[in-house]
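All values below come from the heavy atoms of this structure, side chains included, with hydrogens, waters and symmetry mates left out. We count residues from 1, following the sequence as given. Everything numeric in this text was worked out from a predicted model, so none of it was measured.
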Amino acid sequence: MLIEDTVNYIKGKTNNFNPEVALILGSGLGEFADEYCDIVLKYADIPGFEASTVKGHKGQLVFAKIAGKRVVMMQGRFHYYEGHSIQRVVYPVKVFKKLGVKNLIVTNAAGGINEKFKASDLMLITDHINFMHVNPLIGPNDDDLGPRFPDMTEVYKKDLQELALSVAKKLDIDLKKGVYMALSGPNYETPSETKMLKILGADAVGMSTVPEAMVANYCGIKVLGISCISNSAAGITGEVLSHQEVIEAANAVKGKFKNLLFEIIKNI
Ligand code: HPA
């Protein structure tokens with residue numbers, strides 16, 4: 001499968017929509033796209049994509065004009081823990097680059113490690129730690145996309161962070177800030193692992209986002225990351241974790257989250 005085949009299929013189905021902003025919607029956060037369904041393409045129908053297997057993820061690309069911007073949204077993403085290769089996980093980002101996307105907003109549900117965080121807080125990702133033990137940039141380099149040894153000093157662009165913080169302030173949303181650490185999953189952490197992640201510098205932990213953000217940065221797409229803190233990481237409160245709880249926390253925050261995303265897209 002050549003990336004051009006995917007790109008040509010999408011261009012054909014969307015009348016050359018040429019999105020400028022891409023949005024990846026994490027667990028329980030996909031509803032944002034429901035309000036703006038101009039054109040919908042199911043992953044199962046897109047060459048090079050595959051059906052999403054996670055509950056709470058619809059598995060489709062949604063194209064829409066939002067606040068005057070041409071936006072492509074992923075309602076559900078590909079996770080490494082589903083058994084997809086890490087290349088498959090980041091494939092949509094490479095397709096977005098070829099479609100002309102300049103800014104990527106990545107979202108996820110994450111466990112809070114910073115003890116000041118509580119369920120349903122939103123956290124601006126200031127940096128990440130790749131602890132997935134896999135790297136999507138390994139392999140022959142496509143020099144058309146990016147350099148062999150990409151810099152990762154500022155994956156989450158400072159100007160986009162400032163934009164998100166100022167929009168949050170205007171909307172009276174207490175947007176936290178922190179470092180997101182990605183593990184492969186699919187299990188949640190043990191309490192001892194949570195302690196270790198904290199020592200290593202994590203404020204939140206999850207199972208996604210980092211591969212997509214790395215590849216976007218590599219190919220010159222500006223990245224903004226927002227986590228919905230769905231629970232305290234294992235061992236912090238002593239409560240047992242479940243996917244249901246993650247979806248419920250995302251649901252509780254969706255009004256705030258939608259407003260924040262809309263205003264960010266408008267001002268990006
Ligand atoms: N750990 C890892 N991933 C997660 C969590 C968590 O506590 N919550 C939501 N995604």
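Residue K157 places its NZ atom among more than 12 non-hydrogen atoms of other residues, nucleotides or ligands, all under 6.0 Å distant. In the displayed structure, N15 atom CG is contacted under 6.0 Å by at most 12 heavy atoms of other residues, nucleotides or ligands. Shown here is K69, whose NZ atom has more than 12 heavy atoms of other residues, nucleotides or ligands within 6.0 Å.
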Give the intermediate values and the outcome of salt bridge (Lys or Arg N to Asp or Glu O under 4.0 Å) for residues E20 and K102. CA-CA 5 Å; E20 49 201 316; K102 302 279 183 289; over 6 Å; no
Apply salt bridge (Lys or Arg N to Asp or Glu O under 4.0 Å) to K118 and D121, showing your working. CA-CA 6 Å; K118 56 184 188 321; D121 275 346; 3.1 Å; yes
Worked check of salt bridge (Lys or Arg N to Asp or Glu O under 4.0 Å) between K176 and D203: CA-CA 10 Å; K176 312 284 193 209; D203 293 292; over 6 Å; no
Show your reasoning for whether side chain to side chain donor-acceptor pair (under 3.5 Å) applies to E154 and N217. CA-CA 8 Å; E154 197 182 303; N217 181 60; over 6 Å; no
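Within the 3.5 Å criterion, the main-chain N or O of T209 finds a donor-acceptor partner in the side chain of E212. Listed for the T6 side chain is a donor-acceptor partner under 3.5 Å among the backbone atoms of P47. The backbone N or O of N108 sits nowhere less than 3.5 Å from a side-chain atom of S227 that would complete a donor-acceptor pair. Judged purely by atom type and a 3.5 angstrom limit, T194 uses its side chain to pair as donor or acceptor with the backbone of A234. Judged purely by atom type and a 3.5 angstrom limit, T107 uses its side chain to pair as donor or acceptor with the backbone of I24. Here the side chain of Y9 pairs a donor or acceptor atom with the backbone of D45 at under 3.5 angstrom. The backbone N or O of T190 sits less than 3.5 Å from a side-chain atom of E193, completing a donor-acceptor pair.
Counting only residues at least two apart or on different chains, no ring-ring contact (aromatic ring centres under 6.0 Å, His included) pair has a member in residues 219-240.
Nearest approach of A216 to V223, heavy atoms of both residues: CB-CG2, 3.6 Å. Of all heavy-atom pairs between M73 and A33, the closest is SD-CB, 3.6 Å. Contact record, F262 with A67: CZ-CB, 3.8 Å, taken as the closest heavy-atom pair. Taking both residues in full, the closest heavy atoms of A233 and V205 are given as CB-CG1, 4.2 Å, listed atom of the first, atom of the second, then distance.
Between V101 and V21, the closest side-chain pair of non-hydrogen atoms is not below 4.5 Å. The shortest side-chain heavy-atom distance between L160 and N103 falls under the 4.5 Å cut-off. Put simply, the side chain of M132 does not reach to within 4.5 Å of the side chain of M207, judged on heavy atoms. You'll find the side chain of M196 stays beyond 4.5 Å of the side chain of I199, heavy atoms only.
Clustering ILVMFWY residues whenever any of their side-chain heavy atoms sit less than 4.5 angstrom apart, transitively, puts I125 in a cluster other than the one holding L200. Residues F17 and F49 are members of one and the same hydrophobic cluster, defined by side-chain heavy-atom contacts under 4.5 angstrom among Ile, Leu, Val, Met, Phe, Trp and Tyr. Connection of I66 to L25 is established within a shared hydrophobic cluster, with ILVMFWY side chains joined at heavy-atom distances below 4.5 Å, either directly or through further cluster members.
Ring centroid separation for the pair Y36 and F63 does not come in under the 6.0 Å cut-off. For H84 and Y91, the ring centers are positioned 6.0 Å apart or more.
In this structure, a donor-acceptor pair under 3.5 Å is absent between the side chains of N231 and E239. When only modelled atom types and interatomic distance are considered, Y218 and D151 share no side-chain donor-acceptor pair under 3.5 Å. For the residue pair N251/K254, the side-chain donor-acceptor check at 3.5 Å is satisfied.
For the salt bridge (charged side-chain N to carboxylate O under 4.0 Å, His left out) with E263, the qualifying choice from K258, K170, K169 is K170, the only one to do so.
Between D142 and K94 there is no salt bridge, since no side-chain N of the basic residue sits under 4.0 Å from a carboxylate O of the acidic one.
Relative orientation of the H133 and F131 rings is tilted, given thresholds of 30° and 60° on the angle between their planes.
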